Amino acid sequence: KKETFLEAYHAINNNFKEVFEQISQGSGSLSLENEEDPFSGGLTFVANIRDKRNQKLAGMSGGEKSLTALAFVFAIQKYLPAPFYAFDEVDMHLDGPNVEKLAQIITNQSKTAQFIVVSLRKPMLDNADRMIGVTQKDKGVTKISGIKIKDE
Amino acid sequence: KKETFLEAYHAINNNFKEVFEQISQGSGSLSLENEEDPFSGGLTFVANIRDKRNQKLAGMSGGEKSLTALAFVFAIQKYLPAPFYAFDEVDMHLDGPNVEKLAQIITNQSKTAQFIVVSLRKPMLDNADRMIGVTQKDKGVTKISGIKIKDE
Amino acid sequence: MYIKELEIDNFKSFASKVNIPLMQGFTAVSGPNGSGKSNIIDSILFALSLRTARSLRSEQGVADLISNHNKRNEASVKVVFANDNGEEFSIRRYVKKGKNGVQSNYYYNDKPCSLTQIHLELEKYNISPNSYNVMMQGDVTEITRCSAIERRKIIDEIA
Amino acid sequence: MYIKELEIDNFKSFASKVNIPLMQGFTAVSGPNGSGKSNIIDSILFALSLRTARSLRSEQGVADLISNHNKRNEASVKVVFANDNGEEFSIRRYVKKGKNGVQSNYYYNDKPCSLTQIHLELEKYNISPNSYNVMMQGDVTEITRCSAIERRKIIDEIA
Ligand SMILES: Nc1ncnc2c1ncn2[C@@H]1O[C@H](COP(=O)(O)OP(=O)(O)OP(=O)(O)O)[C@@H](O)[C@H]1O
Ligand SMILES: Nc1ncnc2c1ncn2[C@@H]1O[C@H](COP(=O)(O)OP(=O)(O)OP(=O)(O)O)[C@@H](O)[C@H]1O
Ligand SMILES: [Mg+2]
Ligand SMILES: [Mg+2]
């Protein structure tokens with residue numbers, strides 16, 4: 001049990017280091033509170049966005065926390081790839097440039113897996129291969145208003 | 001104690017009805033779980049956005065919940081006006097048109113009170129009287145990059 | 001392997017049968033607040049039984065997932081998967097409100113089957129309630145908000 | 001009555017003394033993620049003692065609010081209020097880390113005073129920890145996420 005946990009942990013940690021650097025220009029890694037007996041402690045992030053030093057997770061900004069969490073999600077996906085991914089407004093806390101960066105990462109990943117991404121942010125919608133428009137008819141009934149294919 | 005509570009509750013509820021209609025084109029009100037003995041129960045929202053019927057708070061969308069919560073905040077403000085208001089990304093869940101609508105409400109309120117609003121959304125920034133730019137120097141030190149006054 | 005089509009009938013704000021064709025690659029979904037975007041993602045989680053009804057924002061359980069726009073008392077969502085060779089399979093969940101509460105029925109390629117069979121089939125493709133391939137609204141914030149122990153448990157489930 | 005100026009010194013990401021002039025009406029604050037926007041709002045909540053250190057995202061209490069960009073071990077935030085007739089008053093909070101932990105000192109118009117005096121002065125203008133005039137990142141979501149009892153308590157405090 002400990003072996004299989006540590007094997008998964010080390011693989012996901014290596015992925016996290018790679019993705020975190022890509023998504024935040026900083027450096028970060030996962031960290032176990034008790035490496036000897038992982039099940040008696042928790043898992044936390046030791047991560048510095050950009051050129052910041054000694055950042056504490058609790059003190060990070062909303063956008064910085066989102067980037068850290070997203071790096072973790074992508075790290076898990078690399079370890080355990082699924083055929084499809086569905087993301088619901090994961091770009092909500094991000095500023096324009098970070099939305100664009102995230103959209104690029106999704107575009108790359110979407111070469112090997114299907115991505116369905118709900119978003120209200122323009123940089124995300126602009127990067128997609130196609131867009132499904134959703135609207136509401138009277139009394140709030142959902143209607144699919146169309147599918148726009150991005151011209152290549 | 002019950003009297004002062006009910007006096008505040010009824011005044012805030014009247015404000016809520018007014019603001020909720022303005023912000024969501026629907027109709028809504030506050031509701032006490034136990035009107036006879038308010039302190040033994042809680043407070044909930046009975047609100048329908050637009051022309052929807054029988055909406056449950058739990059089933060509302062992220063944006064709809066935000067509009068409902070914001071209507072409550074403005075209802076309290078009307079009852080107990082403060083000299084300044086500071087809002088940190090309260091428009092995060094809202095689509096473009098709803099950000100615009102919220103910005104108009106803030107513009108109106110800012111005639112009688114000071115509003116300091118942190119936002120990443122263009123419709124909100126476009127409506128402000130002025131904008132304070134914040135950026136980070138090396139190693140993450142905050143620098144105020146300037147104050148842009150909107151030309152009238 | 002990818003989702004080729006969703007068939008949503010009387011689920012939440014989808015008051016009548018709607019077919020949503022999907023393709024491989026990167027598909028964005030957008031529209032006004034409250035229009036039904038998250039309900040599309042909820043419909044996938046419902047059909048594949050990847051989340052409980054309560055986490056699909058329905059306080060009274062599965063019954064709240066049936067559209068309140070009419071009196072039909074039933075709802076159904078079908079997910080059609082396809083692979084590059086054109087082979088397909090589908091998973092469908094149908095619920096009906098009766099006198100004794102709500103009954104769920106599961107179908108694999110339109111033939112009745114058990115929930116366990118659905119989960120076994122999905123696990124072949126690394127799809128499970130803990131696979132972190134579906135991030136609902138607010139899930140991202142939860143990863144940094146939860147305790148370090150809860151975060152470790154994410155790896156426990158995957159290992 | 002409005003906030004005319006903030007003087008932030010060695011608080012969180014403000015590693016040196018910064019003056020931010022403010023005006024009446026509607027002022028927007030914008031900038032990249034992590035640049036320090038929320039820290040400006042935190043500095044107001046800190047100076048006026050409207051929130052605990054923990055709710056200002058500092059796990060280790062007030063000590064975490066002092067900038068880690070240098071070894072100064074002190075931080076100070078001053079809020080200058082003004083009214084339409086040009087009358088002004090200021091509230092300042094200064095903290096210093098010593099051997100016995102962190103010491104907070106409060107000043108009204110640059111003269112030392114107690115926290116109680118600060119709260120009494122602010123209550124004249126309906127500014128209190130429960131006045132709902134400051135909404136931090138995520139507070140809006142909390143109003144619909146919390147229990148009905150907690151929501152009622154908001155009115156209890158105001159009444
Ligand atoms: N059982 C039901 N019957 C009918 N409508 C329902 C039901 N359950 C939820 N709804 C409605 O569905 C709507 C929510 O849709 P959804 O959460 O998908 O919106 P959204 O497009 O994601 O919006 P946002 O951008 O604000 O997140 C709400 O208006 C809600 O009242
Ligand atoms: N004591 C401290 N010393 C130095 N820096 C600190 C301290 N406490 C917090 N920080 C830093 O302040 C930054 C957070 O700033 P803030 O939360 O104001 O960002 P923001 O502009 O609101 O960003 P967002 O748009 O993502 O919400 C973080 O990078 C954090 O590491
Ligand atoms: Mg949604
Ligand atoms: Mg912030």
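In what follows, chains are A, B, ... by sequence order, proteins preceding strands, each numbered from 1. Keep in mind the model is a prediction, meaning the values are calculated, not measured.
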When you measure from the side chain of [X] to the backbone of [Y], do you find a donor-acceptor pair of N or O atoms at a distance under 3.5 Å?
| X | Y | result |
| --- | --- | --- |
| C:N126 | A:P81 | yes |
| A:Q77 | C:N133 | no |
| C:R152 | A:G41 | yes |

Using every non-hydrogen atom in the two residues, find where [X] and [Y] come nearest and quote the distance to one decimal.
| X | Y | answer |
| --- | --- | --- |
| A:I132 | C:P21 | CD1-O, 4.4 Å |
| A:S40 | C:I149 | O-CD1, 4.4 Å |
| A:Q114 | C:L22 | NE2-CB, 3.8 Å |

In terms of heavy-atom proximity below 4.5 Å to chain A, should [X] be classed as side chain, backbone, both, or neither?
| X | answer |
| --- | --- |
| C:I44 | side chain |
| C:I155 | both |
| C:V18 | side chain |
| C:I41 | side chain |
| C:L45 | neither |

Expected contact set for residues 24-38 of chain C against chain A at heavy-atom separation under 4.5 Å reads C:Q24, C:G25, C:F26, C:T27, C:A28, C:V29, C:S30, C:G31, C:P32, C:N33, C:G34, C:S35, C:G36, C:K37, C:S38
Step by step, would you call A:V141 with C:F14 a side chain to side chain contact (heavy atoms under 4.5 Å, CB included)?
-> CA-CA 6 Å; A:V141 174; C:F14 291 86; over 6 Å; no
